[in-house]
Each structure stands twice: as structure tokens, then as C-alpha cells.
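We count residues from 1, following the sequence as given.
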Amino acid sequence: MGPDRRPLVGLLVAEGVSLVGSRMSMVALPWFTLVVTGSAARTGVVAFAEMLPYVLACALGGPLIDRVGARRTSIVADLGSAAAVATVPLLHLAGLLRFGTLIGLVAMAGLLRGLGDTAKRVVFPETVAAAGTPMTRATSVHDGLSRLATLLGASLAGLLIAVLDAPLVLLLDAGTFLVGALLVALAVPKRLRTVAPAPAGDGATAGREQYLVALRAGLRYLRHDRLVHGILLMLLVTNLADAAYTAVLTPVWASEVVRSSTALGLLAASFALGAVLGNVVFTVVAHRVPRFTVFAVGFLLAGAPRFVALALLDRLWVIYLVSFVAGISVAAINPILGAVSFERIPERLRARVLGLTHAAAWAGIPLGGLLGGLAVQELRLPAACLVFAGAYLLVTLLPFVMPVWRELDRPPTPPAETPAEAPTPPVGTPSEPATAPTGPEVTGAPRR
């Protein structure tokens with residue numbers, strides 16, 4: 001039988017639709033909270049309440065996804081996310097929404113989205129294999145879709161908030177989750193394997209492993225790899241800063257400095273436009289360029305300058321230009337890290353390893369919104385931006401001084417299965433695959 005591209009196309013379209021809605025919510029929810037509460041600190045609390053359950057679901061949900069099945073988990077999680085997100089504007093329009101209720105609904109949406117996102121990352125490499133597509137090119141297309149969703153969703157959100165108001169934009173987001181669940185149900189067949197059979201002599205498949213045993217297998221796989229440790233440290237800090245930027249710093253800038261929700265949408269759209277254009281170029285040249293150089297230089301240019309521009313510049317077009325250049329620079333980060341992960345993680349361990357690395361990379365995100373709100377409240381916006389810029393600059397300089405990062409250019413080795421009862425050899429050695437997460441937003445691997 002020849003390659004079957006229908007599951008991959010269906011999964012990408014489903015993710016594209018739901019990502020557009022999520023990017024709209026990324027603009028609408030902080031704006032909604034800021035307008036309703038009038039508090040930057042409370043806006044940060046809402047961001048914390050959404051992302052903490054998300055990270056926990058990614059970290060702890062892998063064995064559960066193995067048991068339930070990635071396809072089924074994705075569908076059920078999207079349906080639940082639609083219900084949780086839709087309840088927020090419906091209660092608000094009825095005059096029944098309290099701050100505690102908002103926190104609870106946002107937390108539930110974050111929990112379900114964490115399970116759904118991990119499940120889709122597990123299904124993704126199987127659909128790529130069925131389609132016969134090179135992994136680096138597939139992850140580049142996937143990341144380009146995410147960037148395009150940000151461009152469309154952020155732009156639409158800024159305009160629709162001005163025309164329809166934020167609660168109705170949140171309702172549209174809920175609708176995209178429903179469409180995504182339907183597309184996965186129709187396009188991704190049940191027969192796609194999401195967990196490989198256990199190695200001979202293992203005595204049990206992953207689906208019958210005890211929960212803690214399965215979780216420890218994923219942790220063993222990650223424990224010894226210095227490259228993964230460096231990537232996770234970088235992403236922990238940069239994702240924290242990006243969360244503060246998205247959830248608090250830019251909404252406060254748009255509300256208090258520019259006084260326009262449209263400016264907030266345009267700022268996100270300028271970054272996304274650069275990322276989409278950069279992604280198109282990288283998709284064409286991905287197999288010809290050195291991963292380390294593209295990753296290290298791109299991350300350096302994509303991070304701190306955006307924060308400095310927000311703090312020190314007053315001309316909107318210059319701020320948008322800095323954001324656009326940052327978007328171009330970041331375009332290759334997620335595809336590189338996604339390809340490294342998918343090429344090297346044994347299929348049987350994907351749910352738990354991808355979940356753990358994604359959670360570790362995103363562990364700073366819940367604190368990002370919280371610390372961003374407190375920083376603006378205590379230091380005011382310009383100083384808060386410069387503090388986060390300094391942290392961003394420090395960690396994105398690490399690849400230039402730590403030789404272990406050169407392993408990004410190492411040719412991938414075939415994934416090896418490791419018996420559950422045996423200690424896992426250090427990840428990244430020639431006999432064992434490594435996994436890597438990612439930067440200002442990342443796909444199947446830990447990302448940004």
C-alpha cells in the first residue's frame with residue numbers, strides 16, 4: 001500500500017481550526033479579565049489558573065492516554081474544553097459569573113487542553129509515518145500551521161473584541177473545539193497505532209502497565225540527557241517570560257499605553273506574520289541548514305528585543321517591526337526540536353515522554369502570568385518588561401557557551417525500545433535516542 005495522507009491532513013486541519021480559536025482566546029481572555037476586574041494582578045491569577053492544570057495534565061497524563069487511547073482522549077478533551085470555555089461568556093452574559101467561578105472554569109479548560117494537546121502529539125508521528133513525509137518537513141508544516149493560526153486568530157480577536165466584545169469571541173473559541181473534535185473523529189481512523197507493542201519479554205503492553213510504573217519509565221528515559229536538561233532550562237525561563245508577555249505585559253500596554261484592543265491584536269499578528277513567512281522558508285531549506293546555528297541565533301533574536309521594544313519605544317510601527325523580525329527568527333525553533341523528539345523517542349514511550357518534556361518546558365508558564373501581574377503592579381510596565389528581557393537574554397546565550405548544544409546537529413539514530421524493568425541508558429548516547437522540547441511557542445516536543 002502507498003502512503004495515506006488523509007489522517008495527517010485531517011489532523012492538521014483539526015489542529016488548525018482549534019488553534020485559531022485558542023489564539024483568539026489568548027487575546028480575548030486576558031482582555032476580558034482586565035476589563036471585568038480592572039486588575040493586572042487578577043489577570044495574572046487567571047493565566048496561572050489556566051496554565052498550572054495544563055502543565056500538570058501534560059506531566060501526569062501520559063499513562064492515562066496510553067490506557068484510553070490518544071485518538072479518543074483528543075476527541076473527549078476537545079468536547080470538554082468546548083463546554084468549559086463556552087460557560088464563561090454564557091455566565092457573564094447572564095450576570096452570574098463570579099471571579100472564583102471564572103478561575104474554576106479556566107482551570108478545567110486548561111486541564112482538558114493539556115490532555116488533548118498531549119494526545120495529538122502522540123497521534124502526530126503515526127500520521128506522518130502513514131503519509132510517508134520526512135519528519136523535519138512535517139514538523140515545519142505543523143509549526144507553520146500554528147503560526148498561521150496565531151496570525152489569523154490574534155488579528156481576528158483584536159478586531160472582533162472591538163466589534164462584538166470579548167465574551168462572544170470566547171464563544172467562537174468554544175465552537176472551534178467542537179469542530180476540531182469532529183474532524184479528528186472523522187479523519188483519524190481508529191486503526192492508527194498510538195502505542196507500540198511492548199518489547200518481547202516485557203510481560204505487558206503499555207496499556208496494562210501500572211500508572212506509576214509507566215510514569216517512571218518516562219522519567220528514566222529523560223534523566224541522564226544533558227542536552228535535554230539544557231533545553232528544558234532554557235524553555236522553562238523563556239516560556240515563563242513569554243507567558244508574562246502574552247497574558248499581562250502586552251494587554252496592559254494595549255490598555256494603558258495605546259488604549260486599543262486592536263493594537264494588541266496587531267502586535268500578536270505582526271509576530272505571527274513573521275513566523276509564517278520564516279516557516280515557509282525553513283520548510284524549503286530545513287534539510288540543508290545546520291540545526292544548531294539556526295536554533296541558537298534564532299532564539300537569541302526572537303526573545304529579549306520584543307520586551308525591550310515594549311519598554312523603551314513609543315512608535316507603534318517600530319514595535320510591530322521588532323515583533324515581526326522576532327517572528328521570522330523563531331520560525332525554525334519548534335520544527336527543529338519537534339523533529340529531534342519524534343526521531344529519537346521510542347514509540348512505546350511517546351505519550352509519557354512527550355507529556356513530561358512538554359510539562360517541564362511549560363512549567364514556568366503558570367508563574368509567568370502571575371509574576372507578570374505582580375511585576376507590573378510593583379515596578380510598573382517599563383521596568384517589568386526589562387526584568388523579563390534580562391532573564392530571556394541570559395538563557396538564550398547559553399547555547400553559545402555550552403558545547404552540549406552542538407548535539408542538535410547529531411544525525412538521528414533509530415529509536416530503541418527499552419524494557420520497562422531495565423535501567424534506561426543515558427539519553428543522547430549513540431545507542432539511545434534523546435528528546436528535546438522547545439521556544440516563543442513549540443509542536444510535538446516541549447515547545448515554545
Query raised in the report: Are F299 and F295 near enough that their ring centres are under 6.0 Å apart?
Result: yes
Query raised in the report: With a 4.5 Å limit on heavy-atom distance, are the side chains of V123 and V184 in contact?
Result: no
Requested in this report: Please name all residues satisfying side-chain contact (heavy atoms from CB on, under 4.5 Å) with I161, sequence neighbours left out, ordered by chain then number.
Outcome: V27, A28, W31, A166, V169, S261
Query - Results of salt bridge (Lys or Arg N to Asp or Glu O under 4.0 Å) for E50 - residues two or more places apart only - result: R113
Query raised in the report: side-chain contact (heavy atoms from CB on, under 4.5 Å) with L273: which residues, sequence neighbours excluded?
Result: L151, L277, F324
Report task. Answer yes if the ring centres of F307 and Y392 are under 6.0 angstrom apart, and no otherwise. Result -> yes
Requested in this report: Under the side-chain contact (heavy atoms from CB on, under 4.5 Å) rule, collect the residues that match up with A391, sequence neighbours excluded.
Outcome: V237
Query - Atom pair CG/CG of L393 and L386 - distance to nearest 0.5 Å - result: 11.5 Å
Report task. Kindly write out the residues that satisfy side-chain contact (heavy atoms from CB on, under 4.5 Å) with L52, not counting sequence neighbours, or none if the list is empty. Result -> F48, L56, P366
Query raised in the report: Taking atom types as modelled and ignoring hydrogens, do the side chains of T118 and R121 form a donor-acceptor contact shorter than 3.5 angstrom?
Result: yes
Query raised in the report: With sequence neighbours left out, which residue pairs that include part of residues 86-111 fulfil the ring-ring contact (aromatic ring centres under 6.0 Å, His included) condition?
Result: F32-H92
**Report entry** Flag side-chain contact, heavy atom, 4.5 Å: F177 against L79
**Finding:** no
